[in-house]
Amino acid sequence: MQHATYHVVLSKIGGLVATVPDPAILFQKTCEYLVNHTESSGAYFAMIGRTSSEIFVLASAGIPDTFFQGLKLSIDPEKPGGNGLVGRASRAGKPVHANDSLNDPRFEELHGLLRDSNIRSGIGIPLLVENRCRGVLVLVSETVEHYSAVLLKLLEQMAEILAVGLDRAEQREHRARYQTLYTIQSEVNKLVAQAPELQDLYQETCRIVAKTSGLVWADIHVPDPTGDYLWFVAGSGPEITSTLIEARRKTPLSTRASDLSGQGIAGTTFRAGKTTLWNNVPVEQEFELRMTLRRETATRSLLGVPVLVGNNCRALLVLASREPDFFDTELVGISEQVAESLSLAIQAYEQRHRLQQMALTDPLTGLPNRLLFSQRLADAMSRMNREGGRLIVALINLDGFHEINARLGHEMGDTLLRVIATRLTSVNRDTDTLARLDGDEFAVLLEDNQNSTDYNVVQSMLLRTFGNPFEIANEELIIRASVGFSVCPDDGTTEEDLMRRADFAIHRAKSAGGNVCERFTRKLEDDFASRLRFKSEFQNAIRQGEIIFHYQPIVELCGGRVVGAEALARWEDPREGLLAPERWIKIVEETPQLISSLGRHALT
């Protein structure tokens, strides 16, 4: 081969360096040109990873695949492949050649592979960037004594040109990487600021990190309450199918090192409680139970970052790449910042959840309050409208609770309310809603009530709750309750109607002396409306002077002396005349507000 040919090659390589920015394309074109325009039978470029001694073939030409299947690469002389052309040249920082490969004892471990591939001589030229070897260009020939000293000098010049191209490419990549890192942090921070639900936050974070970083996949796992297993909750990646995601959702990973699934990046990170980096996962090494996923995506680099709240690991961010040495210091750092953002989001979510719980639950019993009961009732009615069925709204009011408070004190009264809440909870189904509305008033929403009569359902709940005494402060208390209930759709089709009509029913139960279960009827509503009209008319009658008094003397039987008088109230209606007392006096006597007004009127 003429050395002049290599001067032409140098010129061509210089042109490629000037016009091709992508290192993979640059070295592929370089290998192809060297094979097609020189007497070398093959060429390949082995690139050293960013942060470790792992070496991988970035480009090749003229060499069969079987050669690379049997080739091991390393810069460590103690490891297989560490004493070939690539390993020796990378350590020496200068070209290493073998002009009679099959008889060179330095390459004895490769003799079989070289013979099978018909390689008789070769040269490895390191590419140095700031005195650090970033890769080795290897040329091979089918003839011995192929590479002369003069040719070696020309190849060194070519390596210097390629090193300049590689340096420029890495600088561009470095700038792009910083932009990528900034984009990840910015997008995740904007996402956290929107305060989404945790599931949405996890899924969108995985999508942002995987897409922006060019990862095979990004996962988030959360530990179960026992800390024994990690459950997959979110994941994203260009080649992750819905089938794989569904399989991962069903199979938790162990956190124990003794279990196979606990020996992977997720389990190891959880146990360590700190960032775990595997930047060179051997292709043949098996971790975790998800080997189908690893094989299909050819994972070579794995990063696990715990999401810590205090000292507790609340979630795990797991990232994977096909490239060895993918995760450099900057990407590890930005991944840890993402984990910190997730930690803050978890804490903010839990704070919102606590405040929401405070707004929707009764602080004394822990039961839903009136607001949450109203929401549950609205939801239940929507389901009933779609699916059919019936539901019951029952109001429960304790009889004589004020007397219990007066006798035992408010602290014991609160204890009694908590005990009653516990017993009511135990006799209701999980699908029912029990709430404390106010004071000694509870409410129950009973859904899907099609198998029993409405009255029997409520009566059974009442009997199971109040049929046995309550023990408070070593004292057995027999508590009774009044219950009023309405049924949807029979008694109303709106939340307001059902609550109002259940209230009519409980007032009727109370007026009947308590310890009664009363269902709403239309007559109750009519009677209530009639009473309201009567109260208004009676108060107006007092103001208009229509209530007059006839005084009946009280005579002493012994001497016939008048000792007093009884005032008899009469209602003189301007339209109907004098109204018979039996039409209205009983209602007044049963209504404290009216009897009080009548008494004041009698004394004026």
Side-chain angles (χ1 to χ4, degrees), residues 197-199 224-225 231 233 249-250 352-354 356-398 417-468 470 479 481-506 509 517-520:
E197 292 296 313
L198 286 184
Q199 179 60 45
D224 69 2
W231 287 91
V233 294
R249 288 189 189 279
K250 294 177 180 178
R352 291 195 305 272
H353 185 69
R354 283 192 294 270
Q356 186 181 50
Q357 287 298 106
M358 291 172 61
L360 296 176
T361 57
D362 169 48
L364 179 64
T365 62
L367 295 175
N369 61 11
R370 185 182 295 273
L371 178 59
L372 183 54
F373 183 82
S374 177
Q375 293 175 3
R376 297 269 182 89
L377 176 55
D379 293 342
M381 294 182 72
S382 295
R383 283 192 295 275
M384 190 199 70
N385 290 334
R386 291 193 308 270
E387 302 167 9
R390 297 162 66 81
L391 59 85
I392 297 172
V393 173
L395 301 181
I396 304 171
N397 193 272
L398 306 183
L417 289 173
R418 284 192 290 267
V419 172
I420 290 174
T422 300
R423 193 177 290 183
L424 279 169
T425 300
S426 69
V427 302
N428 281 289
R429 303 169 300 178
D430 292 339
T431 55
D432 300 332
T433 296
L434 171 65
R436 180 180 177 228
L437 303 186
D438 187 28
D440 60 345
E441 186 174 35
F442 296 85
V444 182
L445 169 61
L446 301 151
E447 296 189 59
D448 191 26
N449 178 52
Q450 300 187 33
N451 297 325
S452 305
T453 64
D454 302 320
Y455 186 86
N456 288 345
V457 170
V458 180
Q459 184 69 17
S460 173
M461 175 190 66
L462 193 63
L463 180 62
R464 285 181 291 159
T465 303
F466 299 100
N468 296 314
F470 295 86
I479 306 298
S482 299
V483 178
F485 70 94
S486 59
V487 180
C488 182
D490 299 359
D491 303 328
T493 55
T494 68
E495 175 194 342
E496 181 183 357
D497 284 345
L498 290 173
M499 292 295 291
R500 181 167 52 86
R501 287 164 180 170
D503 203 44
F504 288 154
I506 201 170
C517 180
E518 189 79 40
R519 177 181 173 171
F520 168 80

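Residues take their numbers from the sequence shown, with the count starting at 1.
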Any donor-acceptor pair under 3.5 Å linking the side chain of Asn385 with the backbone of Met381? yes

Between Ala435 and Asn369, the two heavy atoms sitting closest are CB-O, 4.1 Å

Not counting sequence neighbours, which residues clear side-chain hydrogen bond (donor to acceptor under 3.5 Å, both in side chains) with Thr365? List them please. Asp362

Taken in chain and number order and not counting sequence neighbours, the residues that satisfy side-chain contact (heavy atoms from CB on, under 4.5 Å) with Arg352 are Ala195, Ala348, Tyr349

Salt bridge (Lys or Arg N to Asp or Glu O under 4.0 Å): pairs with one or both residues in residues 373-382, sequence neighbours excluded: none

What residues form a side-chain hydrogen bond (donor to acceptor under 3.5 Å, both in side chains) with Arg383, not counting sequence neighbours? Glu447

Please name all residues satisfying side-chain contact (heavy atoms from CB on, under 4.5 Å) with Thr422, sequence neighbours left out, ordered by chain then number. none

Nearest atoms (heavy-atom pairs only) where Pro368 meets Thr433: CG-CG2, 4.4 Å

Sequence-distant partners of Thr425, side-chain hydrogen bond (donor to acceptor under 3.5 Å, both in side chains), two or more places apart: none

Would you compute the distance between atom OG of Ser482 and atom CG of Asn397 and round it to the nearest 0.5 angstrom? 6.5 Å

Partner set under side-chain hydrogen bond (donor to acceptor under 3.5 Å, both in side chains) for Asp432, not counting sequence neighbours: Arg429

Test applied, side-chain contact (heavy atoms from CB on, under 4.5 Å); reference residue, Thr465; option that passes from Ile479, Ile396, Val427, Val483: Val427

Show your reasoning for whether side-chain contact (heavy atoms from CB on, under 4.5 Å) applies to Leu377 and Met499. CA-CA 10 Å; Leu377 176 55; Met499 292 295 291; 4.2 Å; yes

Pairing residues for Ala502 by the side-chain contact (heavy atoms from CB on, under 4.5 Å) criterion, not counting sequence neighbours: Val393, Leu395, Ser486

Could you pull out all residues at least two apart from Asp497 that satisfy side-chain contact (heavy atoms from CB on, under 4.5 Å)? Thr494, Arg500, Arg501

Separation between CZ (Phe442) and CG (Leu434), nearest 0.5 Å, reads 7.0 Å

Which heavy atom of Leu417 sits nearest to which heavy atom of Gly439, and what is that distance? CD1-O, 3.8 Å

Under a 4.5 Å cut-off applied to non-hydrogen side-chain atoms, are Asn468 and Arg423 in contact? yes

Can you tell me how far CG of Leu498 sits from CG of Asp491, rounded to the nearest 0.5 angstrom? 7.5 Å

Verify, without hydrogens or angle tests, whether Thr493 (side chain) and Pro489 (backbone) share a donor-acceptor contact under 3.5 angstrom. no

By ring-ring contact (aromatic ring centres under 6.0 Å, His included) - contacts of Phe520 (at least two apart): none

Interatomic spacing from NE2 in His353 to CG in Leu198 - rounded to 0.5 Å: 10.0 Å

Measuring from Arg464:CZ to Ser426:OG, what's the distance to the nearest 0.5 Å? 8.0 Å

Measuring from Leu424:CG to Leu462:CG, what's the distance to the nearest 0.5 Å? 9.0 Å

